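Chain letters run A, B, ... following the sequence lines, proteins first, then strands; residues in each count from 1. The shown structure was predicted, so the numbers you read here are calculated from the model rather than taken from an experiment.
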2 protein chains.
Amino acid sequence: MSDLKHQLKERLLTARSAVSSFENDASRAVFTGSALAVVLAESASDVSVALAWANSRNIPVSIRGAGTGLVGGATAFDSGLIVSLERMNAIIEISPGDRLATVQPGVITADLDEEAQAHGLFFPPDPASARTCTVGGNIATNAGGLRCVAHGVTSDWVAALTVVLADGRILRTGARTRKNVVGYDLTRLFVGSEGTLGVIVEAVVRLESLPVGTPVTFWAEFDELAAAGAAVTRIVGSQTKPEVLELMDALTVRAIEEAFPSGMRIPRGALLVGQTVGRDAAETAQAILELCRAHGATAAAVAVDDALVEARRMSNPALTARGLKIACDVGVPVSRLAQMFTGVAALAERHALEVASVAHAGDGNLHCKVAAPDTPAGIAAADMLIDDITRLALSLEGTITGEHGIGQVKHHELPWQLDEVAIDVQRSIKLALDPRGTLSPGRAV
Amino acid sequence: MSDLKHQLKERLLTARSAVSSFENDASRAVFTGSALAVVLAESASDVSVALAWANSRNIPVSIRGAGTGLVGGATAFDSGLIVSLERMNAIIEISPGDRLATVQPGVITADLDEEAQAHGLFFPPDPASARTCTVGGNIATNAGGLRCVAHGVTSDWVAALTVVLADGRILRTGARTRKNVVGYDLTRLFVGSEGTLGVIVEAVVRLESLPVGTPVTFWAEFDELAAAGAAVTRIVGSQTKPEVLELMDALTVRAIEEAFPSGMRIPRGALLVGQTVGRDAAETAQAILELCRAHGATAAAVAVDDALVEARRMSNPALTARGLKIACDVGVPVSRLAQMFTGVAALAERHALEVASVAHAGDGNLHCKVAAPDTPAGIAAADMLIDDITRLALSLEGTITGEHGIGQVKHHELPWQLDEVAIDVQRSIKLALDPRGTLSPGRAV
Ligand SMILES: Cc1cc2nc3c(=O)[nH]c(=O)nc-3n(C[C@H](O)[C@H](O)[C@H](O)COP(=O)(O)OP(=O)(O)OC[C@H]3O[C@@H](n4cnc5c(N)ncnc54)[C@H](O)[C@@H]3O)c2cc1C
Ligand SMILES: Cc1cc2nc3c(=O)[nH]c(=O)nc-3n(C[C@H](O)[C@H](O)[C@H](O)COP(=O)(O)OP(=O)(O)OC[C@H]3O[C@@H](n4cnc5c(N)ncnc54)[C@H](O)[C@@H]3O)c2cc1C
């Protein structure tokens, strides 16, 4: 490693105490080995040097943004190299005329959004982790968030990338134009590739103009989760365009109120919370509330502020605090939401386990969280329920992961959704770009 | 070929007279060879049988939707097999609840749009060729159109694909959900792959709800094309959201008026034509007209009907009829439009050739068409000007093709935009999916 040290100097950390804080992400994957070293990259060239070095020695490399990932994608490898992008956190340029920003991968998502807002623009992808995760991590996982229902996922906001390939070569994809059909869409190939095809060292992302006026927050209570699901299907099928449309079941609302008391009312079945924006925000919110009332809401109104949306962002820590920590990230077509919720309730009853459901409802993307005591048997039982929920989503033409990715935690689920041909094609692409298999081996595909 | 005939029966055409009508597309690429046969596929299985047969014999295959392509992507190969999708033209299902349509690849774009409209929905991609081209062709070329400025390109509207691979295996990509991060985004890899990675035999495409009310058409005249370009930059950078924003220079307007007389007024420099939709359509149109007046429009108003937009759709045949037929499809960042137009005018003067410019202006996507007599020297001179225009676009951080693709006609331009690493990665993907190189060999990448 002395040759690498010679090139990277203090940007290579090898002290155990320093290295260990880069070995885990926010998932259940617990790393028990010990990584060789951490590259605190400051440039594309640092990354290139590091990858070429590791590749020529068949040393596995893990790539890390902020480590907020939930599937063990950034977890270290035993005797592997860790490439951290946290120091590459510059916003290189904002071009208001083209609504583009050029950023280094380690910029914190919320920081980019804030900087864009200073130009009357915003960066639509807004995972609940926006204040801690990186734009590079968002791109590598194709992150979702609360505003997806209106603006799509991260993939829809990436124009061009600079990527260091496994062997250290530097690849440029995409263009600064709004349309570009030159060759295969390599930009989109890297979006969601979870650190298995290359290290994103620079990105040109698209920005959107800030909507006029103040957002209007609305809420609706339902006695049954399934009824709320059906209402969401109607809203999404209507001409109204909510900016945010989130669903929490009673247990989730109770957990949030317990962890962060704010006087939130606990619904019998579920609470739908949303926002509308733009000139018509108030009218659109009323139209949505009307749809809710017509489809089973027991109470529905406009809120005085956005506290309910902020509360929704706290669901993850709140549920974890209450012991509901074994989670999934399934998706179903929006028309299947009611069926999905009914099915989840039946499975919870059959397994005799407590399940909380939170959903980016407008996208049909559900996070079910299951209570489990901290014993191997308890966790195994929770996992069995999560597996059944995942298979239920698939039976409703859904997906095993809507936004968190596969990483290592869900790797065994891959064949549940993809057939042999699909897996084979995925692997042939991995092999084409990383023939020695040194980048995040055994993950994602 | 008798074994193939045995399997495909009357779906295999071998008579020279029948085969020859499938050998060319709408581009300049003139096919002088002679293809073996045409497969008039009626099912995925027909396609699979045909590709496996050709692959095992190293027979090149061209894939054909409606043959409206402008870059020779669907042109036949000498002694090659032609797979035509024109008979696979069923709309299998429209699911209004999920705003999805499942279609066979040969369905005509406008037919899908019409069927969607019967459900209060529409299919946003609308190339000017929508009444003749196929959805499969749109996906394979990632087609653009007039509504892109508001709704993005075809890529943004494809949820899932069924593809027959070069060796005959059947691959399913994507999902019916709005979010899905399982493995690499193979759906987007096939979008824009121009028939080089597989044959699309089924697609699940997204639909959008029809806007409320009637669209409002507006127009603005400018004395200088560059001024019109600058106005477009301002409009796109503003909070107004036009549904259509097209620019025609004076020569184009004159050509349309000559070919299809309707009393259109010929501007001195350029005519900007657009539409707004939705509840605020009239207000938004006024706001855009205000921006035009503030940025050099000499006249600007709302139109009584959409005749100007329809006229714009006729620019291609009108210019061709006037002898302006050597074309490009370049794109620049929207902020560079004025620079681009000024540069094109200077190049036209330097080459002493007549150039007409039509632009999907809101996307920064220009089609410049150059006049050329039907002589080799005349065409070579026009090509030199087009080359210079293309390099100008690149120097403004643009692209050599915004929507038509590379095919064979622009193959020599690929290295102008992509460096060695990018070309190498593109080819490695081609090799991974089509190791024998039988699908559209030598094209696109
Ligand atoms: C409280 C909480 C809430 C969350 N809410 C959401 C949510 O609403 N929506 C959502 O989608 N996710 C959510 N997440 C998950 C997580 O925040 C996202 O996946 C995020 O995109 C990860 O970013 P990161 O910088 O932390 O990446 P990391 O965790 O460091 O890495 C994630 C993956 O990306 C790869 N990677 C990171 N940077 C690069 C790079 N520059 N080049 C190549 N590969 C790279 C890693 O190898 C790994 O596979 C949440 C997580 C937490 C803890
Ligand atoms: C008058 C006119 C106006 C036009 N306007 C526009 C415009 O506004 N925007 C725009 O983007 N284009 C435009 N075009 C170009 C053309 O119409 C588009 O490229 C269209 O998408 C091609 O569709 P097609 O069915 O005719 O495909 P074809 O010409 O048959 O094929 C095009 C390419 O796609 C491949 N292909 C076709 N079907 C499949 C399949 N099922 N599976 C795999 N590969 C397949 C072919 O191999 C070829 O490489 C225009 C063309 C004309 C003649």
Side-chain angles (χ1 to χ4, degrees), chain A residues 95-98 141-142 144 148 153 155-156 169-172 175-186 188-189 191-193 209 212 233 237 239 279-280 331-335 363-365 397-403 405-406 417-419 421-422 425-426 428-429 431-433 444-445, chain B residues 95-98 141-142 144 148 153 155-156 169-172 175-186 188-189 191-193 209 212 233 237 239 279-280 331-335 363-365 397-403 405-406 417-419 421-422 425-426 428-429 431-433 444-445:
Chain A
S95 314
D98 293 316
T141 59
N142 194 9
C148 285
V153 289
S155 174
D156 298 312
R169 286 181 304 161
I170 295 183
L171 169 71
R172 286 181 182 79
R176 291 177 66 86
T177 51
R178 293 167 62 118
K179 292 157 74 178
N180 173 44
V181 291
V182 177
Y184 306 132
D185 189 347
L186 298 182
R188 250 79 174 246
L189 185 63
V191 175
S193 65
S209 351
V212 288
T233 304
Q239 281 175 324
R279 224 187 295 277
D280 294 337
V332 292
V334 180
S335 65
D363 290 317
N365 183 200
E397 304 187 285
T399 177
I400 58 178
T401 174
E403 58 177 22
I406 297 288
Q417 182 162 343
L418 302 185
D419 65 16
V421 176
V425 170
Q426 300 275 2
S428 73
I429 289 170
L431 198 65
L433 270 80
V445 296
Chain B
S95 314
D98 294 316
T141 58
N142 193 10
C148 285
V153 289
S155 175
D156 299 311
R169 287 181 303 162
I170 294 182
L171 169 71
R172 286 180 183 80
R176 292 177 65 86
T177 51
R178 292 167 62 118
K179 292 158 73 180
N180 173 45
V181 290
V182 177
Y184 307 132
D185 189 347
L186 298 182
R188 250 79 175 249
L189 185 62
V191 175
S193 64
S209 353
V212 287
T233 303
Q239 281 175 325
R279 224 186 293 278
D280 293 338
V332 293
V334 179
S335 65
D363 290 317
N365 183 199
E397 305 187 285
T399 177
I400 58 179
T401 174
E403 58 178 22
I406 297 289
Q417 182 161 343
L418 302 184
D419 65 16
V421 176
V425 170
Q426 300 274 1
S428 74
I429 289 170
L431 199 64
L433 270 80
V445 296

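Among A:Ala444, A:Gly237, A:Ser428, the residue making the largest number of heavy-atom pairs under 4.5 Å with chain B is A:Ser428. With respect to chain B, the highest number of heavy-atom pairs below 4.5 Å among A:Gly402, A:Ala432, A:Ser209 belongs to A:Gly402. With chain B as the partner, the residue from A:Val212, A:Val445, A:Asp98 showing the most heavy-atom pairs under 4.5 Å is A:Asp98. Ranked by heavy-atom pairs under 4.5 Å with chain B, the list A:Thr141, A:Leu189, A:Thr401 is led by A:Thr401. Taking chain A as the reference chain and counting heavy-atom pairs below 4.5 Å, the highest number among B:Asp280, B:Val332, B:Val153, B:Thr233 is found for B:Asp280.
The shortest heavy-atom contact between B:Lys179 and A:Asn365 is NZ-OD1, 2.7 Å. For the pair B:Asp419 and A:Arg172, the tightest heavy-atom approach, listed with the atom from each and the gap, is OD2-NH1, 4.2 Å. Closest approach of A:Ser335 and B:Gly97 over heavy atoms only: CB-C, 4.3 Å.
Only the side chain of B:Leu418 comes within less than 4.5 Å of a heavy atom in chain A; its backbone stays farther off. Of the atoms belonging to A:Arg279, it is side-chain heavy atoms, and not backbone ones, that fall under 4.5 Å from chain B. For B:Ser155, the part lying near chain A is the side chain, with the backbone staying farther off; criterion is any non-hydrogen pair under 4.5 Å. Contacts between B:Val334 and chain A at a heavy-atom distance below 4.5 Å involve backbone atoms as well as side-chain atoms. For B:Asn142, the parts sitting under 4.5 Å from any heavy atom of chain A are the backbone and the side chain alike. Only the side chain of B:Leu186 has a heavy atom closer than 4.5 Å to any heavy atom of chain A.
Residues B:Asn180 and A:Gln417 meet the side-chain proximity criterion, which asks for heavy atoms closer than 4.5 Å. A heavy-atom distance below 4.5 Å is found between the side chains of B:Ile400 and A:Val182. By the 4.5 Å heavy-atom criterion applied to side chains, B:Leu433 and A:Ile429 are counted as neighbours.
When the salt bridge (Lys or Arg N to Asp or Glu O under 4.0 Å) test is applied to B:Asp185, the partners found at least two apart in sequence or on another chain are B:Arg188. Applying the salt bridge (Lys or Arg N to Asp or Glu O under 4.0 Å) criterion to B:Arg178, with sequence neighbours excluded, gives A:Asp363.
Between the CZ atom in B:Arg176 and the OG1 atom in A:Thr399 there is a gap of 13.5 Å [rounded to 0.5 Å].
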